[in-house]
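For reference, positions follow the sequence shown, starting with 1. The structure displayed is predicted, hence computed values, not measured ones.
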Amino acid sequence: MSKLIDVAVSHFNSREVRQMQIPEWDNVTVYAKNLSLEDKHKWLKRAKGETDEYLLYAVIFGLVDENGEQVFDLGDKVKLKTNVDPELLSKIANFVLEVSAPTEEEREKNF
């Protein structure tokens with residue numbers, strides 16, 4: 001029998017890339033790479049405890065195109081922070097971070 005760590009690593013490596021359509025941006029489809037705890041730690045450290053900065057880093061470093069290439073870079077940070085709909089950015093960051101309210105189906109499964 002394999003060690004539990006091997007099972008956990010295999011599970012993480014087999015996760016599918018998630019996608020999101022953004023109607024407000026000409027219906028573009030973007031993807032969220034699978035994040036490790038290390039990824040999230042780096043962003044949180046870089047954000048120095050500032051929630052808005054953490055969300056920006058999630059969008060900048062976690063959002064990719066269909067080829068797995070980042071769609072934003074650090075040079076876009078100021079424009080994202082000052083000239084882009086903050087509610088939409090929060091929605092996208094939550095998608096990248098996999099923050100979501102449970103669906104009705106998920107709630108029913110837990111009972």
Side-chain angles (χ1 to χ4, degrees):
M1 184 169 160
S2 64
K3 289 186 172 185
L4 185 55
I5 188 64
D6 296 330
V7 175
V9 169
S10 176
H11 167 258
F12 179 76
N13 290 333
S14 69
R15 293 180 58 198
E16 291 186 27
V17 174
R18 295 170 297 110
Q19 67 180 37
M20 173 186 196
Q21 264 190 305
I22 306 174
E24 298 88 344
W25 294 352
D26 295 331
N27 220 27
V28 68
T29 300
V30 292
Y31 303 83
K33 68 180 197 172
N34 291 319
L35 305 177
S36 67
L37 190 56
E38 179 67 16
D39 293 322
K40 292 180 179 186
H41 170 76
K42 285 179 187 176
W43 302 343
L44 193 56
K45 187 175 178 181
R46 178 176 249 167
K48 298 178 182 169
E50 297 292 327
T51 304
D52 62 330
E53 294 286 314
Y54 181 63
L55 295 177
L56 280 171
Y57 291 133
V59 171
I60 291 168
F61 296 116
L63 208 61
V64 296
D65 64 16
E66 65 275 1
N67 299 315
E69 300 293 323
Q70 284 183 230
V71 295
F72 296 115
D73 62 38
L74 278 176
D76 299 316
K77 182 180 170 190
V78 171
K79 283 187 180 179
L80 285 167
K81 191 171 186 171
T82 59
N83 297 319
V84 178
D85 179 352
E87 297 304 317
L88 185 54
L89 277 179
S90 291
K91 181 179 174 182
I92 295 167
N94 286 332
F95 161 71
V96 170
L97 296 167
E98 294 189 89
V99 177
S100 63
T103 65
E104 186 66 31
E105 182 178 307
E106 290 169 331
R107 283 192 292 272
E108 287 176 11
K109 257 185 7 187
N110 291 325
F111 284 104

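In this structure, CG on Leu44 lies 13.5 Å from NZ on Lys42, to the nearest 0.5 angstrom. Interatomic distance, OG1 of Thr29 versus CD1 of Ile22, reported as 8.5 Å (0.5 Å rounding). Interatomic distance, Lys91 NZ to Glu24 CD, rounded to the nearest 0.5 Å: 5.5 Å. Here OG of Ser10 is found 11.0 Å from CD1 of Ile5. Values are rounded to the nearest 0.5 Å.
Both Leu80 and Trp43 are part of a single hydrophobic cluster, where members link through side-chain heavy atoms under 4.5 Å apart. With hydrophobic clusters built from ILVMFWY side chains whose heavy atoms lie under 4.5 angstrom apart, Tyr57 does not share a cluster with Val64. Both Leu56 and Val30 belong to a common hydrophobic cluster when Ile, Leu, Val, Met, Phe, Trp and Tyr are linked at side-chain heavy-atom distances under 4.5 angstrom. Grouping the Ile, Leu, Val, Met, Phe, Trp and Tyr side chains by contacts below 4.5 angstrom, directly or via other members, places Val71 with Val28.
Nearest heavy-atom pair across Leu63 and Val59 is CB-O, 3.2 Å. Contact between Leu35 and Val96 at its shortest, heavy atoms only, is CD1-O, 3.3 Å. Here the closest non-hydrogen pair linking Trp25 and Leu88 is NE1-CD2, 3.5 Å.
Remark: Asp26 CG is loosely packed, at most 12 non-hydrogen atoms of other residues, nucleotides or ligands lying under 6.0 Å away. Heavy atoms from other residues, nucleotides or ligands lying under 6.0 Å from CD of Glu16 number 12 at most.
Between the side chains of Ser36 and Asp39, a donor-acceptor pair is found at a separation under 3.5 Å.
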Could you give me the CA-CA distance, side-chain angles and deciding distance for Phe61 and Leu74, then say whether side-chain contact (heavy atoms from CB on, under 4.5 Å) is met?
-> CA-CA 9 Å; Phe61 296 116; Leu74 278 176; 3.8 Å; yes
Tell me, with the steps shown, if Gln70 and Ile60 meet side-chain contact (heavy atoms from CB on, under 4.5 Å).
-> CA-CA 7 Å; Gln70 284 183 230; Ile60 291 168; 4.3 Å; yes
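Looking only at distances, a side-chain donor or acceptor of Asp73 sits under 3.5 Å from a matching main-chain atom of Gly75.
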Ignoring hydrogens and angles, write down the donor-acceptor pairs under 3.5 Å from the side chains of residues 45-53, residues two or more places apart or on other chains.
{"unit_1": "Asp52", "atom_1": "OD2", "unit_2": "Lys81", "atom_2": "NZ", "d": "3.4"}
{"unit_1": "Glu53", "atom_1": "OE1", "unit_2": "Lys77", "atom_2": "NZ", "d": "2.5"}
{"unit_1": "Glu53", "atom_1": "OE2", "unit_2": "Lys81", "atom_2": "NZ", "d": "2.5"}

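For the pair Leu97/Leu55, a side-chain contact is recorded, criterion being any heavy-atom separation below 4.5 Å from C-beta on.
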